[in-house]
Number of protein chains: 2
Amino acid sequence: MKQSKKGRVTLQQVAKHAGVSTSTASLIVRNNPRISEATRKKVLKSMHELGYVYDRIAANLRSQSSDTVGIIITDISNTFFSEFLIGVHDALDEVGYTVLLGTTFDSVAKQDHLLSTMMEHRVGGLILCPVSESSQDTIERLNEIDTPMVLAVRELPGVKSDYVGIDYPEGARIAVDHLLGKGHKRIALLGGIKESSTWIERMAGYREALSRAGLEVDESLVIDSAPTREGGLEAVLKVLENPNPPTAIFCFSDLIAFGVMQGLMMKGITPGKDMDIVGFDNVPVAEIYHPPLTTISSFPRRIGKEAANLLYQQMEKIEREQQRIILNPELIIRESS
Amino acid sequence: MKQSKKGRVTLQQVAKHAGVSTSTASLIVRNNPRISEATRKKVLKSMHELGYVYDRIAANLRSQSSDTVGIIITDISNTFFSEFLIGVHDALDEVGYTVLLGTTFDSVAKQDHLLSTMMEHRVGGLILCPVSESSQDTIERLNEIDTPMVLAVRELPGVKSDYVGIDYPEGARIAVDHLLGKGHKRIALLGGIKESSTWIERMAGYREALSRAGLEVDESLVIDSAPTREGGLEAVLKVLENPNPPTAIFCFSDLIAFGVMQGLMMKGITPGKDMDIVGFDNVPVAEIYHPPLTTISSFPRRIGKEAANLLYQQMEKIEREQQRIILNPELIIRESS
DNA sequence: CTGAAAGCGCTTACAG
DNA sequence: CTGAAAGCGCTTACAG
């Protein structure tokens, strides 16, 4: 697990070679302006000749600082998180931080381990997208960490820290409002696991949008399923057996929506024409699907950017209250409704 | 750009608290077995009480070693790379390395900068997916780096290092063979930028498969385009104007294939029935598209895994020849042909 | 099995 | 503007 390095050229050697003191050389690598142009050039030349590479690790150790930030996400293969990562990177690159990345695959054990690793690596800050069932232990532990930290995507009750997330109920609300606006009265909610917080929040928005329109939830139009395309397919087949079937469908996710549309086509029903569909997530394919899917975007890239900004403020000790940023999702209208 | 940390508990303090010497404490954190169970427990208890966090940075500095590896990719949002990353992570997590991640967005300048950053951070090893037009400078520089390194996905002429990549011509060959096997004689090659190495390699495979079958390339069936869905749409529309149109289409990528299929449907031609289609990449959507797309998979996850393994061998100084692993792509048959 | 001392490559005061 | 010395938090020989 270790790899040793052979003789690295040190700042001292550079200083000696250039005929200056180590302190002078140190000031030069740190771009301190109070060094004469002449000596600076001389030293730079020596560095080049000797093939000197600055040792940030040693520098950080001595100066008790860090220029790395740790990012812990649950799944890289999920488009949402890769977009999130891009947002974080964009913001962080600008200010010169280096990213230490960890993936938990939604395992508490991995998350605990990564937390330790990051702390042991003296990260200057941490952005954590918690696993779905973080333990009470983890929560206590997070509160003990005195490194700047921001939670993203999933909030952890009891953890005192900045948070950036999305208003899922609002997303569901605007999706259903859109369908309501098209004159639909029987709108199904298809797919997703009823126990998950994400489902519960969508359900809340769905219920609220209907109730505002003076409509009641018809439980026979709410069918849960695995959060997959197959799940969507099964759910739509089931709802179509309803003696009084829906005229529009709000899907738990885009993936579900793809399955739903497949099921509709199998039954000779054309999505976007015979049946209005809204998805959730705005995965990149939603746009190129056939038909292009109307859906809710939660702007993962922006979440990443905001999280990075909050972290940056903490790391630079910019004084402010603890923040909680909840982004509003947006409806992206395409051809499926 | 820096963040200072307040009083960290040190090993020395732990040792003092536990009433042992620092060396003993050091041996304990490194799980050295020649410490008595009794003192180990005592020290562990002190560590817990004081809230000690091991400082890997300091340890690495002193022992002249590193437990981090740098990974430089060109684009996180590209599924290929996120899958690649998963492969790398999987292999590396097992052996306890921590990942430093950088994204170049295909910019030489960013790549150069990241290379510096990683070296300055004393990474123990480096996996590099080079940008498409690395300069001669970069190549020389890479040859000067004495840190373990493996190149992945794109080979760099003149760089002496392990390499893991894919046999693109072979991928094109099996795609075209598949179509040939279904009795097609007029097979189009649609989409992609003619100047790119990826296109040239696909073209080579296409040409070879046809020539083996005793067929010549009909240039009017080879239409390039932007590597997007729109590009595929334009290309197929163009090829359909051919007085002697193709009966099957090999697409530069899955994205192109989606555009092609869209174009076909616009013309009332059903992909998989009236026209056989093969894509390239096997992006996750290929499977759930309508119709599910027959395509070529290049197993990005496996490439990542192999790259990590090669790097690991170098880092552990396992003696062997320089390696060049070229993975064979595979045909994934679904409904589009 | 344990202890005292030196050193990894930097930066930090502090004198000059 | 430059130099000599101490120290960041560890590990590494080397004695005991």
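These values consider heavy atoms only, across backbone and side chains, with no hydrogens, waters or symmetry-generated copies. Model, not experiment: these values are computed from the prediction.
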Fill in the blank from the handout: Comparing nearest nucleotides in DNA chain D, the 5'-proximal residue of the pair Pro33(A), Gln12(B) is Pro33(A)
Problem - side-chain N/O Arg30(A) vs dT12(C) OP1/OP2, d < 4.0 Å - result: yes
Exercise for the section: Evaluate the side-chain proximity of Val150(B) to Leu128(B): yes if any heavy-atom separation is below 4.5 Å, no if none is. Expected result: no
Handout entry: Under 3.5 Å donor-acceptor pair, Arg62(B) side-chain atoms to dG9(D) base atoms
Key = no
Handout entry: d(CD1, Ile57(A); P, dC10(D)) in whole Å
Key = 14 Å
Handout entry: Of the listed nucleotides dT2(D), dT11(D), dT2(C), the one nearest the side chain of Ile35(B)
Key = dT2(C)
Handout entry: Options dG9(C), dT11(D), dT2(C), nucleotide nearest the side-chain atoms of Asp55(A)
Key = dG9(C)
Exercise for the section: Evaluate the side chain to side chain contact (heavy atoms under 4.5 Å, CB included) criterion for residues Arg122(A) and Asn60(A): first the C-alpha distance (whole Å), next the side-chain angles of each, then the deciding distance (0.1 Å), finally the verdict. Expected result: CA-CA 9 Å; Arg122(A) 287 176 156 278; Asn60(A) 286 343; 5.9 Å; no
Handout entry: Spacing between Ile28(A) atom CD1 and dG9(C) atom P, to the nearest angstrom
Key = 20 Å
Handout entry: Over 12 non-hydrogen atoms of neighbours within 6.0 angstrom of CD in Gln322(B)
Key = yes
Practice task
Compare side-chain N and O positions of Ser21(A) against OP1 and OP2 of dT2(D) and report whether any pair is under 4.0 Å apart.
Solution key: no
Practice task
Run the salt-bridge test on Asp162(A) and Arg324(A) with the 4.0 Å N-O cut-off and return the result as yes or no.
Solution key: no
Fill in the blank from the handout: When rounded to whole Å, the CG to C1' distance for the pair Asn31(B) and dT11(D) reads 15 Å
Exercise for the section: Decide side-chain hydrogen bond (donor to acceptor under 3.5 Å, both in side chains) for Arg141(B) and Ser116(B); before the verdict, give the C-alpha distance in whole Å, the side-chain angles of both, and the deciding distance to 0.1 Å. Expected result: CA-CA 10 Å; Arg141(B) 188 169 169 199; Ser116(B) 298; 2.6 Å; yes
Exercise for the section: Please report, rounded to the nearest Å, how far the P atom of dT2(C) is from the CZ atom of Arg40(B). Expected result: 11 Å
Problem - Contact summary for Tyr52(A) and Val9(A), nearest pair of heavy atoms - result: CD1-O, 3.3 Å
Problem - Nearest to side-chain heavy atoms of Ser36(B), which nucleotide of dG9(C), dC1(C), dT11(C) - result: dC1(C)
Exercise for the section: Decide if atom NZ of Lys16(A) counts as having more than 12 heavy atoms of other residues, nucleotides or ligands within a radius under 6.0 Å. Expected result: no
Exercise for the section: Give one of base, sugar-phosphate or nothing for Ser23(B), where a contact means two heavy atoms less than 4.0 Å apart. Expected result: base
Problem - Gln64(B) side-chain N/O to dG9(C) phosphate OP1/OP2 under 4.0 Å - result: yes
Problem - Closest to the Ala59(B) side chain, choosing from dT11(C), dT11(D), dT2(D) - result: dT11(D)
Problem - Side chain of Thr10(A) (C-beta onward), nearest among dT11(D), dC8(D), dC10(C) - result: dC10(C)
Practice task
Please determine if a side-chain N or O atom of Ser26(A) lies less than 4.0 Å away from the OP1 or OP2 oxygen of dC10(C).
Solution key: no
Handout entry: Value in whole Å for how far the P atom of dC10(C) lies from OH of Tyr52(A)
Key = 3 Å
Practice task
I would like to know whether Ser26(A) and Arg30(A) meet side-chain hydrogen bond (donor to acceptor under 3.5 Å, both in side chains); could you show each step before the answer?
Solution key: CA-CA 6 Å; Ser26(A) 173; Arg30(A) 281 174 294 150; 2.6 Å; yes
Practice task
Look at all strands and tell whether Val53(A) reaches a base, only sugar-phosphate, or nothing, counting heavy atoms closer than 4.0 Å.
Solution key: sugar-phosphate
Practice task
Nearest whole angstrom, please: distance from the P of dC10(C) to the CG of Asn32(A).
Solution key: 17 Å
Exercise for the section: Between dC8(C), dT11(D), dG9(D), spot the one nearest the side chain of Ala58(B), thanks. Expected result: dG9(D)
Practice task
Can you figure out which of dT2(C), dT12(D), dT12(C) approaches the side chain of Ser63(B) most closely?
Solution key: dT12(D)
Completion exercise
From CG of Asn60(B) across to C1' of dC10(D) the rounded distance in Å is 10 Å
Exercise for the section: Please list every stem that involves DNA chain C, where a stem is a run of 3 or more consecutive Watson-Crick or G-U wobble pairs with both pairing distances under 3.5 Å. Expected result: C:1-3 with D:14-16, C:5-12 with D:5-12, C:14-16 with D:1-3
Problem - Whole-Å distance separating the CG atom of Leu11(B) from the C1' atom of dT2(C) - result: 15 Å
